[in-house]
Visitor: 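Right, I'll just put the structure down here and ask away after.
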Amino acid sequence: MAAMTRAAFACGEKAMSVNNEFQTQLFKQYVCELMRLRSKGANLAADVQELMKPAESDRKVDVPELYLLESALLEHLGSQDLKLRVAGYRDMLSNLLTPTSFACIAAQFVNLETAKHEELLSEAQHLASRVHRRYAAVPTVERLRARLAKRISLSLIAISLLFAATIVGLCFLRADEAGNFVTLSLTMLAGAAGASVSTLTRLYSIDPRHEPGNTWLSIESGKGTVLIAPLLGMVFAIVMYLLMRGGLVGGHAFPDFSNPVSPVEALLRNDDSARNLANLAKLLIWAFISGWTERLVPDVLDRLAPQARNEPSKSP
């Protein structure tokens, strides 16, 4: 998990670095195109010429500056160049948007063969605005996802270290005193791991082609639930352990608790038989599943609740 955290965070930092480099190179390209137009007699606005001055420096370029330069560039392009720009914008947005969103925009596209210069310029400016809006908003969403992923992973690492320290301390005691607590600790840790991995998977399964504002709002509003996911996984794992231990759920896929000695306690007593190892593996797998599938334990409890209500009526 620690390796996965470092890898995810490193990928986020690398993506931001690549994004800044991309913006710098795009900025220099726009400046070169504007300088070419100026050499042909184009009258550039004073604010645009001011933005063109630091092109040779290595300062960080932001998205609004890129948008201003591209807007100025579009205003000085001929109809044929605008047709090519519009076609390029359409192709970019077809990859940046969901099919539904792109279809809504595509319904308003002009015919490139018959459109007038003003129509081409209007569409080019609109599409350029949408492209740059995504360039500005998507990195913000990715930074938020990276921060949440880091917090979830760090919380799981902290829980793991806490349980590891406790287990190591208890292993110095007698096996019959440490076995049950170690079993509970491993169960809770597996549940926390399942909930954390499930949350990270869902967090990064959000389609980046969706509207960035809605994506950011969804992640931000669910941030509290995301951060307590490991704790919920621990609770669900303990409940599942109690259900299995009490015989309320069972079968060949579940651990066999007919032996009064817990699987971990048996292992601490050097009884590493295939049966004990299988029971421990099944216990940890079901604990992980309980954390991974957040509706599993509540659904089991919902099915057991009617039986609990009907049980007193059957007693004499």
Side-chain angles (χ1 to χ4, degrees), residues 12-98 101-102 104-110 112 115-146 208-217 220:
E13 290 181 335
K14 183 178 180 181
M16 297 306 166
S17 175
V18 171
N19 186 56
N20 291 334
E21 182 181 353
F22 166 76
Q23 290 177 186
T24 301
Q25 296 303 321
L26 191 60
F27 176 79
K28 292 180 178 180
Q29 177 186 340
Y30 287 158
V31 170
C32 290
E33 293 187 64
L34 287 168
M35 291 176 65
R36 179 176 59 84
L37 290 174
R38 186 172 59 182
S39 66
K40 293 183 177 181
N43 185 20
L44 302 179
D47 56 343
V48 174
Q49 297 192 48
E50 185 67 24
L51 282 175
M52 293 169 58
K53 289 181 180 179
E56 299 301 326
S57 65
D58 294 329
R59 71 178 181 85
K60 182 180 178 181
V61 180
D62 56 25
V63 175
E65 290 177 331
L66 292 175
Y67 177 65
L68 287 176
L69 287 178
E70 187 161 12
S71 297
L73 180 62
L74 292 174
E75 293 175 358
H76 293 87
L77 293 179
S79 297
Q80 186 60 35
D81 288 334
L82 282 176
K83 289 180 182 179
L84 295 175
R85 291 273 177 170
V86 169
Y89 290 145
R90 291 177 181 178
D91 181 64
M92 282 191 289
L93 285 175
S94 67
N95 296 312
L96 293 173
L97 302 177
T98 61
S101 299
F102 183 75
C104 293
I105 300 175
Q108 306 301 322
F109 287 166
V110 299
L112 295 181
K116 299 179 180 179
H117 180 84
E118 293 76 12
E119 295 174 329
L120 292 172
L121 178 59
S122 176
E123 181 172 330
Q125 290 175 333
H126 172 73
L127 296 182
S129 174
R130 292 191 66 92
V131 169
H132 283 281
R133 182 169 182 266
R134 296 193 68 84
Y135 285 158
V138 169
T140 303
V141 175
E142 293 305 316
R143 282 193 293 268
L144 176 61
R145 281 207 283 202
R209 296 178 300 172
H210 284 297
E211 171 60 31
N214 294 337
T215 303
W216 181 88
L217 185 60
E220 183 68 24

Visitor: I'd like to check E75 versus Q125 (side-chain heavy atoms, cut-off strictly below 4.5 Å). Are they in contact?
Guide: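 When only atoms from C-beta onward are counted, Q125 and E75 do touch, with a gap below 4.5 Å.
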Visitor: Judged by atom type as modelled, is there a donor-acceptor pair below 3.5 Å linking the side chain of D91 to the main-chain atoms of A87?
Guide: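 Pair absent, no side-chain N/O of D91 close to backbone of A87.
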Visitor: Measuring from atom CD of E220 to atom OG1 of T140, what distance do you get when rounded to the nearest 0.5 angstrom?
Guide: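 The CD atom of E220 sits 11.5 Å away from the OG1 atom of T140.
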Visitor: In chain order, what residues pass the side-chain hydrogen bond (donor to acceptor under 3.5 Å, both in side chains) check against S122, with sequence neighbours excluded?
Guide: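 So S122 forms no side-chain hydrogen bond (donor to acceptor under 3.5 Å, both in side chains) with any residue.
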Visitor: What closest approach, in Å, do L74 and L121 show between heavy atoms, and which atom pair accounts for it?
Guide: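 So the two residues come closest at O-CD1, 3.6 Å.
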Visitor: If you take all heavy atoms of S79 and L120, which pair is closest and at what distance?
Guide: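 Heavy atoms of S79 and L120 come nearest at O-CD1, 3.7 Å.
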Visitor: Regarding T215 and H210, do their side chains bring together a donor and an acceptor under 3.5 Å, going by distance alone?
Guide: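 There is no such pair between these side chains.
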Visitor: Does R90 CZ have over 12 foreign heavy atoms under 6.0 Å away?
Guide: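 Atom CZ in R90 is crowded, with more than 12 foreign heavy atoms closer than 6.0 Å.
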Visitor: Would you say E119's side chain and K116's backbone share a donor-acceptor pair under 3.5 angstrom?
Guide: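 The answer is yes, because a donor-acceptor pair under 3.5 Å joins these two groups.
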Visitor: Nearest 0.5 Å please: distance from the OG atom of S71 over to the CG atom of L66.
Guide: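 Atom-to-atom, S71:OG and L66:CG are 10.5 Å apart.
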Visitor: How many angstroms lie between CZ in F102 and CE in M92, if you round to the nearest 0.5 Å?
Guide: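 Separation between the atoms: 11.0 Å.
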Visitor: What are the two closest heavy atoms between F109 and L127, and how far apart are they?
Guide: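 Closest heavy-atom pair between F109 and L127: CE2-CD2, 4.0 Å.
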Visitor: To the nearest 0.5 Å, what is the distance between CG on L97 and CZ on R134?
Guide: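 Rounded to the nearest 0.5 Å, the CG-CZ separation comes out at 5.0 Å.
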Visitor: Is the closest side-chain heavy-atom distance between L82 and E123 below 4.5 Å?
Guide: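 The answer is no; the side chains never approach within 4.5 Å.
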Visitor: Start with the C-alpha gap between E70 and V131, add the side-chain angles, then the distance that decides, and say whether side chain to side chain contact (heavy atoms under 4.5 Å, CB included) holds.
Guide: CA-CA 11 Å; E70 187 161 12; V131 169; over 6 Å; no
Visitor: When rounded to the nearest 0.5 angstrom, what distance separates NZ in K83 from CG in L77?
Guide: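 Answer for the NZ-CG pair, K83 versus L77, is 13.5 Å.
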Visitor: Going from CD1 on I105 to CZ on R130, what distance comes out if it is rounded to the nearest 0.5 angstrom?
Guide: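 The CZ atom of R130 is 3.5 Å from CD1 of I105, to the nearest 0.5 Å.
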Visitor: What pairs with R145 under salt bridge (Lys or Arg N to Asp or Glu O under 4.0 Å), at least two apart in sequence or on another chain?
Guide: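 Expected list: E142.
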